[in-house]
Every structure is written in structure tokens, then in C-alpha cells.
Chemist: 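Below you'll find the structure I mean.
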Protein chains: 2
Amino acid sequence: MNITIRQIADKAGVSRGTVDRVLNGRPGVKPAIRERILLIANELNYVPNVAAKALAHSKKPVLIGIVMPPKEIGFFDDVRLGINDAAAELKGFGIRVEYRYVDINRSEESVEAIRMFIEEKASGIMYCAMDDEEIRESIDYVVEQGVPVITFNSDVENCKRICFVGQDLYKSGRIAAGLMNLILPMNAKVAVITSTLKFHAQRSRLKGFKDGLEKLGKQIEIVEVIEGYERFEDTQVKLQAAFANHPDIQGIYMATGSIEACIDIIKKNSREERIRIVCNDLQPEVEEGIRQGLIDFTIMQNPYQQGYRPLRLLYDFIFMHKQPEQEYYFTETQISISESL
Amino acid sequence: MNITIRQIADKAGVSRGTVDRVLNGRPGVKPAIRERILLIANELNYVPNVAAKALAHSKKPVLIGIVMPPKEIGFFDDVRLGINDAAAELKGFGIRVEYRYVDINRSEESVEAIRMFIEEKASGIMYCAMDDEEIRESIDYVVEQGVPVITFNSDVENCKRICFVGQDLYKSGRIAAGLMNLILPMNAKVAVITSTLKFHAQRSRLKGFKDGLEKLGKQIEIVEVIEGYERFEDTQVKLQAAFANHPDIQGIYMATGSIEACIDIIKKNSREERIRIVCNDLQPEVEEGIRQGLIDFTIMQNPYQQGYRPLRLLYDFIFMHKQPEQEYYFTETQISISESL
DNA sequence: TTGAAAGCGCTAACAG
DNA sequence: CTGTTAGCGCTTTCAA
């Protein structure tokens, strides 16, 4: 049998109520006793009984707040699926989740959302927001209130979040390089399309791609890095220009951005047969491109897990007082081809 | 608030004990009352409270028996990891697991193991065994006793197991074909190495590979299908012969078997540069081969999940009376290249 | 065949 | 500041 608070109480010569207070950091216990109890708990290697906690909480479930982009953004469908699955599993467990959808480009909205959750006495936050000062402050404030925050999908650096769950962007770039290396001939020329290099995240991917190509022996050369701002037109125009400058481009790495524009230009230039494409994620356009044989590979990083994990981690943190073991939880990289779909 | 057995009891005008008996299929309730309770439970849409169940069970946890190959078989390390993780999660939940390792080629051992679990009053079984008559009978017998069996990693067909969790072998063959198609030129010739075509499982993979190649436009031809029986020597000799017959082989699909033998022959024939290899799983030899650039791709099917899922499914079945939603749970296919490692 | 009641380990409200 | 106690929903004796 496992250790219970009762045993700790007996050993310490206090009541279970007191032990409960100490173990859950509630106020109103003389420091000396607190010490003593903590010591005993530690020495007995106490692990709280999940089921009992859950049951006791079932009347008034603990709230976990989720701040993320709205339903319209397709990528997040799978993330939401992961969250919902975790939430369903944890439902009988005294936790409930609440979503708040925000325009991720307007940080005020995120800040407002997280603030409201605190007012509602949320016990934990899943936060997907921009990496800027305003957001950083909002996180630090919340965490200082004793409410854990986990960033997911897109990280916020140098802040007090307890951990991050999402992609390893550098690695995805390296894998893209590895794939190009396998399908392109020696000395091939490639273009990279990204949204904008202003963001650290995008630069990581590009860096991974560059480093990857360098390590390999095929001397594949990056002749253009296009910033498409995820917009159709920008991408189209710039890619067309790239083709004009380098008629011998044989591969395109679509790190992020408008797949439609890319495919459009390729078709306009009748290059379907001669261009190999590697991209990321699996929006409908990508799926379509793969089906048609225009896209060779896509690299995904398990959006489902990006939703599922953080909630479980928060649960462990809140109920089991278990600190995350890592600061970065990178979701598994997956490579897909048409047969994988 | 959710429905509780108390509410059902009140509505039916009986005690909670009686409701409990009915809901858990225990004997000793008059059929008429049983009916009535079932009806009410259904109409109220009763869902048992996990936490309460777990807590009530915590004194005398329910046993789940696991029959699988011994620790020496490397592939199963990750499977065991998955089982252990699930077991840890479910530990506070009134379940405990017990392993029994058997030589999978000697069915008597498996049968004996499962029989013992039944004697020990196990409430569920995870079973990884050969697909033969003896095994089939043992499963059907157990299930008829009311104890659910889930086959994992390797299925047993036409039996009463509640579901199977493992690879989609056909799909992995198709993906191998897709990869070959991406890295080989038109009309390339390839060899396939498998253990033995006596087994349905191996034939599925081969069929997937063949079908995959046919669907694609590159006219890649399978010039040899080698049965290596997973033995170094057989593989070596037969592959050498294949090279003699077809000096222009450009690709090898190692469906299963001795990677060492394959690499050995390639090196002996100095074909490192000219042969592309796609294989399955990630034994140390494969990892080594990928690192050295001898193997281009390996296809894995999430062994971790093959352990994790079945246990969760059994738990849901036993505690929540939830039938698995599918008969086949195929674990995700993963494609790995050197940068993924 | 059924009911009553004592737990399972933890929390929270109230009393002291 | 600390102890007491009544639940949380389900299972499992023990009686009836």
C-alpha cells in the first residue's frame, strides 16, 4: 500500500487537515510544523493518490484556461483535438477546460484573455501567443500569482512559463535538407520560401536547412530565400522572379507560406516534372499537392500532441505537484509522402 | 453534475448496492429489477465516475496480464516502455500489470502463460503470440470466461480478441514503394528481402510494396524476392546470387531480416554508392546503417504506442465498460532518415 | 435476492 | 493555528 496523508499525520502527531494544508501550500500552519511534515512526507516518499484527489475535487473542478487562435485557422484543428482528448480523459478527474480564442497578432487580446482567466481563478494556463514583451510580462505576472503557464505550438522565450510544447523548428529544417539531399542530384540549386525572417522561429528553420545541406556531401546550393509573408501575391511575384534569375532551380523548400502561390507559379512555368518540393505541415492544399504528385514530402510535427501534452503536464503539475521534467517538449517529427495519407 | 448510481437507485426504488450489481454484471438480482435498472441507467445516460471506481478499487487492484517475448528482443523495448508508461498512469487507478515472457515460437508457452493469468483472476490480457490454432483456442477460451484479450504487435485472426493494436503491414509496404519511387530513376530494378512468405504478415508487406510500385509511373521492377529467414547466412548467400543474376539492381527493400548480411554483401560488391536501401524498424544495425548513409529510409510503426494503447483500451473496457471503437488500431507510420535520429 | 453501512484517500468547511 | 468531520461515487462485506 502507498503512503497516505493519514500516515504522515500520525507520524507527525498532527491531524490530516494540517498535513493537507502543508502539502498543498495552503497558509495557516506554524512554520516548525510545516517543516516537520514536509520532512516526513519526503522521507516516506509520499505520492498523493490521484483518484482520491479527483474524487474530492469532483464537486468543484479545477479550471484550466486555454488561450489560442480561433477555429478558423486550420492547423489548430488537430491541436484542439489533442486538447479535447486530454480534457475528456481528465474530466472525471476534477479538471475542466475553457477556451478563449484570440487574434494572435494582437497581443492585447491574449493579455486580456489570460487576465480574465486569472480573475476566474484558473489553476493553470495553456498559452499560444506571440513572442513579444507584452506577452512575456503577462506570463511572468500570472506565474508569480502561482498559476502555471505552458506555452504551446509557439514559444515565448525568457519568461517564467513552466515549459514549452511544440516543434523543434531547427530539426525540421535539417530534415528538409536531408530529404532534398536524397532526391536531388549533386550541385542542385534550391530556393527556400519562408514567411518572414523577422521571427526567431522562421530563422531557426532556415538555419536548420542550411546546416543540414552543409553537412551532406552533395553541394546543394540555396540560390534564393524568399520572404512571402504567407501571402499569395508576394510569394507568387518573388518566386517568379527567382525562376527568372535561376532557371535551373530544381528544388523548393516551402518552410512556411502560400502553397497555392508556389504551385501556381510552377504550373505557369510548366515545371511540374522538374521541381521537387518539400514542405511543412498538412493543410488541405499540401494534401492536395501531395496527392497530385507535385509535392514530394511534407514534414509535420504532431499537432495533436501539441494539444494533448500541455494539458497532461498541467494536470500533473497542479494535482501531483510534479514539475515538468524538461523545459522543451518537442513533438515527434513525421515525414509524410503520398502513401502515408 | 453527472449521473450517479445513487440517482439511479432512487429512481428505481432500490439500493445502490443493487444498482452496482446490475451495472457490473454481478449475479443475484431478480431479472425484472435488472431490466428496470439497465433501462433507467441507459435513459439517464449514466457514465461511471472513474475516480470513484479507482478509489474503491485501490485496496485490491485489478490485474492485467501481459504475455510477450522476452526482454532480449530489442524491438520490444519501446513496446515495454509504452506499457510501463500506461501502467504508471493507471497505477493510482486500481490496476496493476504483470508480465510473463515467453518464447513466441513455442505456442505452448503462450497458452500456459495466459492460462495462469486466468487462474490468478486477471481481468484482462495483452497477448502477443503466433497466429496458430492453439493460440486461437486459448484466446477464445479466455474471452468466453469474460476476460477481454487484446492482441498487440502481431495479430491472431478469426478469434474473439476484442481488438488488435499494431502495424498496418500493407501500408508500410506501400510507403516503401513510394519512397523507392522518389529516389530511384525510371525502370529501376529492385530486390525485396523478407523473412519468409509463409506468414500472412510478411505477404501483406510484400503485397503493399508491389501494389505501391504498380500505382506509380516509374515502372520499377522487382527482380528478386528473397526469403532470408532472418538469418545472416541465408540472406547473404541469396542476395549475392541476386546480384550475380541482376548486376543492375539499384534498390533493396529490406522488409524484414538481417540488415548486417545485406550491408555486408553490398560492401563486398562495392555497391555502397549505387544501391538505395529502404527498410523497416530501427534496430541498432539500422540506426548504424542510416548514420553511415548506407540506408536511405526506415519505416517504423510506433512500438511505444503498441504498448501504451492496448493497456488503455483494456482499462476503458474493464472499468468503463467501453468496447473498443475499432477492431484494428493501426499505429502511426513514421518515416525516418538520418536527420530524424 | 436485497439493503445498509463501512470504507477508499483527500478536501474543505466549521469549530475550537 | 489546528483538529474534526462530512462528503466525493463506488465497491464490498454483513445482515436481513
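To find a chain, count down the sequence lines: A is the first, B the second, and so on, and within it residues start at 1.
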Chemist: Between the protein and nucleotides 12-16 of chain C, which nitrogen or oxygen pairs come in under 3.5 angstrom?
Modeler:
{"unit_1": "dA12(C)", "atom_1": "OP2", "unit_2": "Arg26(A)", "atom_2": "NH1", "d": "3.4"}
{"unit_1": "dA13(C)", "atom_1": "N6", "unit_2": "Arg21(A)", "atom_2": "NH2", "d": "3.4"}

Chemist: With the threshold set at under 4.0 Å for non-hydrogen atoms, list the residues of residues 30-47 of chain A touching DNA chain C in residue-number order.
Modeler: Tyr46(A)
Chemist: Please output the side-chain donor-acceptor pairs of residues 108-118 of chain A that fall under 3.5 Å, not counting sequence neighbours, one pair per line with the distance.
Modeler:
{"unit_1": "Glu109(A)", "atom_1": "OE1", "unit_2": "Asp103(A)", "atom_2": "N", "d": "2.8"}
{"unit_1": "Glu109(A)", "atom_1": "OE2", "unit_2": "Arg106(A)", "atom_2": "NE", "d": "3.0"}
{"unit_1": "Glu112(A)", "atom_1": "OE1", "unit_2": "Arg115(A)", "atom_2": "NE", "d": "3.2"}
{"unit_1": "Glu112(A)", "atom_1": "OE1", "unit_2": "Arg115(A)", "atom_2": "NH2", "d": "3.2"}
{"unit_1": "Glu112(A)", "atom_1": "OE2", "unit_2": "Arg115(A)", "atom_2": "NH2", "d": "3.0"}
{"unit_1": "Arg115(A)", "atom_1": "NH1", "unit_2": "Glu119(A)", "atom_2": "OE2", "d": "2.6"}

Chemist: Return the set of residues passing ring pair (Phe, Tyr, Trp, His ring centres under 6.0 Å) with Phe319(A) (not counting sequence neighbours), or none when no residue passes.
Modeler: His57(A), Tyr315(A)
Chemist: Any ring-ring contact (aromatic ring centres under 6.0 Å, His included) involving residues 23-48 of chain B? Give me the pairs, sequence neighbours left out, ordered by first then second residue.
Modeler: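 Non-adjacent pairs meeting ring-ring contact (aromatic ring centres under 6.0 Å, His included): zero.
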Chemist: Using C1' atoms of five pairs at each end, report the bend of the helix from dT1(C)-dA16(D) to dG16(C)-dC1(D) rounded to 10 degrees.
Modeler: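 End-to-end axis angle: 50°.
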Chemist: Applying side-chain contact (heavy atoms from CB on, under 4.5 Å), can you list everything that pairs with Ala56(A), at least two apart in sequence or on another chain?
Modeler: none
Chemist: Compare side-chain N and O positions of Lys53(B) against OP1 and OP2 of dG9(D) and report whether any pair is under 4.0 Å apart.
Modeler: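 No, Lys53(B) has no side-chain N/O under 4.0 Å of OP1/OP2 on dG9(D).
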Chemist: Can you tell me which residue pairs pass the ring-ring contact (aromatic ring centres under 6.0 Å, His included) test with a partner in residues 12-34 of chain A, sequence neighbours excluded?
Modeler: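 Qualifying pairs: none.
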Chemist: Not counting sequence neighbours, which residues clear side-chain contact (heavy atoms from CB on, under 4.5 Å) with Ser107(B)? List them please.
Modeler: Met130(B), Asp132(B), Glu134(B), Ile135(B)
Chemist: With sequence neighbours excluded, tell me which residues meet ring pair (Phe, Tyr, Trp, His ring centres under 6.0 Å) with Phe75(A).
Modeler: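 For Phe75(A) there are no ring pair (Phe, Tyr, Trp, His ring centres under 6.0 Å) partners, ignoring immediate neighbours.
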Chemist: Residues two or more places apart in sequence or in another chain: which of them pass side-chain contact (heavy atoms from CB on, under 4.5 Å) with Asn302(B)?
Modeler: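 With neighbours one apart ignored, the set is Glu332(A), Tyr304(B), Gln305(B), Thr331(B), Glu332(B), Gln334(B).
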Chemist: Not counting sequence neighbours, which residues clear ring pair (Phe, Tyr, Trp, His ring centres under 6.0 Å) with Tyr99(B)? List them please.
Modeler: Tyr101(B)
